[in-house]
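These numbers come from a predicted model, not from an experiment.
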Amino acid sequence: MSNNAANSVVLVHGGFVDGSGWEGVYHQLKKDGYDVTIVQNPTTSLADDVAVTKRAIAEAKGDVILVGHSYGGVVVSEAGTDPKVAAVVYIAAFAADAGESVSTLIANPPPGASVPPILPPVDGFLMLDKAKFAASFAADVRPSLAAFMADSQVPWGIPALEGKVTKPAWRVKPSWYLVATDDHMIPPPAQRQMATRAGATTVEVPGSHAVYVSDPSAVAKIIEQAAAGVGKK
């Protein structure tokens, strides 16, 4: 790690899960000398999640590499314009543009694309079908952990699903994107399209939507590449 590189990393989880899935990435980054903050988004609304993320950015030391997984990509797109954010990293995430939300981005899936097993809303919150969670979200995670993730789901608020980005960070900050090539939640072609649109430095790895759980070293590697990349500018 160069002395000029951003030394703080803020990790933002997506829908249906909490921040504990970042544990493997956290340990790798800590071992390599980074300060790491894991945001525990309530996933109730985009505004709430952006507010929690901005507090984490404010508390971090120095410049920040802001990382979002899945719906967390919308959160970091909105929160990443913060002056302390040096770069934004998307991990199989929605790199939303102005006026876009997860809801608009998933509205017209391409023919043959996997459709996430989202159950009808209850009290304004969404969940994934527990019986289909592993296959759709965490196919390469060990079965006992995938079952725990299914049973410990965090209800995802419809205002989070429908929250629209105003000024996307990737338009004004350097961005990196990790495409999970075996993702059954966000089709890999859609990931590539968003990464290209964002002008992101893109890496592809074999992995499910939960690649940050199943292959933390690959995820830590792209985050460290982003940190080193902004250090050279």
Please confirm whether the backbone N or O of [Y] pairs with a side-chain atom of [X], one donor and one acceptor, at under 3.5 Å?
| X | Y | result |
| --- | --- | --- |
| Thr202 | Ala200 | yes |
| Asp182 | Ser208 | no |
| Lys173 | Gly80 | yes |
| Asp49 | Asn41 | no |
| Gln191 | Ile186 | yes |
| Lys130 | Gln153 | no |
| Trp170 | Ala96 | yes |
| Lys84 | Ile57 | yes |
| Glu162 | Pro159 | no |

If you measure from the Lys or Arg side-chain nitrogens to the Asp or Glu carboxylate oxygens, is any gap between Arg192 and Glu204 under 4.0 Å?
->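 The answer is yes: the pair qualifies as a salt bridge.
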With the threshold set at 4.0 Å, does a side-chain nitrogen-carboxylate oxygen contact exist between Glu224 and Lys31?
->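 Answer for the salt bridge query: no.
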Find out whether [X] and [Y] are in side-chain contact, i.e. whether some heavy atom of one side chain is under 4.5 Å from a heavy atom of the other.
| X | Y | answer |
| --- | --- | --- |
| Pro116 | Ser136 | no |
| Leu128 | Phe137 | yes |
| Gln28 | Pro216 | no |
| Phe125 | Thr43 | no |
| Val172 | Thr81 | yes |
| Leu126 | Phe16 | yes |

Tell me the closest heavy-atom pair linking [X] and [Y], and the distance in Å.
| X | Y | value |
| --- | --- | --- |
| Asp140 | Ser214 | OD2-OG, 2.9 Å |
| Ala95 | Tyr177 | CB-CE1, 4.4 Å |
| Val230 | Ala86 | CG1-O, 3.5 Å |
| Ala169 | Val88 | CB-CG2, 3.7 Å |
| Ala79 | Thr53 | CB-CG2, 4.0 Å |

Pairs involving residues 60-86, ordered by first then second residue, that meet ring pair (Phe, Tyr, Trp, His ring centres under 6.0 Å) (sequence neighbours left out) =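 Counting only pairs at least two positions apart or across chains, the ring pair (Phe, Tyr, Trp, His ring centres under 6.0 Å) contacts touching residues 60-86 are His69-His209, His69-Tyr212, Tyr71-Trp156.
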Does Ser20 have any side-chain hydrogen bond (donor to acceptor under 3.5 Å, both in side chains) partners at least two apart in sequence or in another chain, and if so, which?
->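 Ser20 satisfies side-chain hydrogen bond (donor to acceptor under 3.5 Å, both in side chains) with Asp18 once adjacent residues are dropped.
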Using a distance-only test with no angle check, is there a side-chain donor-acceptor pair under 3.5 angstrom linking Asp35 and Thr37?
->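 The answer is no; no qualifying pair exists.
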Polar side chain donor-acceptor pair, Glu78 to Thr166, under 3.5 angstrom =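 Distance-only check passes for Glu78 and Thr166.
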When you look at [atom1] of [X], are more than 12 heavy atoms from neighbouring residues, nucleotides or ligands closer to it than 6.0 Å?
| X | atom1 | value |
| --- | --- | --- |
| Lys30 | NZ | yes |
| Asp151 | CG | yes |
| Gln40 | CD | yes |

Decide side chain to side chain contact (heavy atoms under 4.5 Å, CB included) for Val74 and Val165; before the verdict, give the C-alpha distance in whole Å, the side-chain angles of both, and the deciding distance to 0.1 Å.
-> CA-CA 7 Å; Val74 178; Val165 169; 3.6 Å; yes
So among Val179, Leu178, Val76, Ile222, which one has a side chain to side chain contact (heavy atoms under 4.5 Å, CB included) with Tyr90?
->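 Between Tyr90 and the candidates, side chain to side chain contact (heavy atoms under 4.5 Å, CB included) is satisfied uniquely by Val76.
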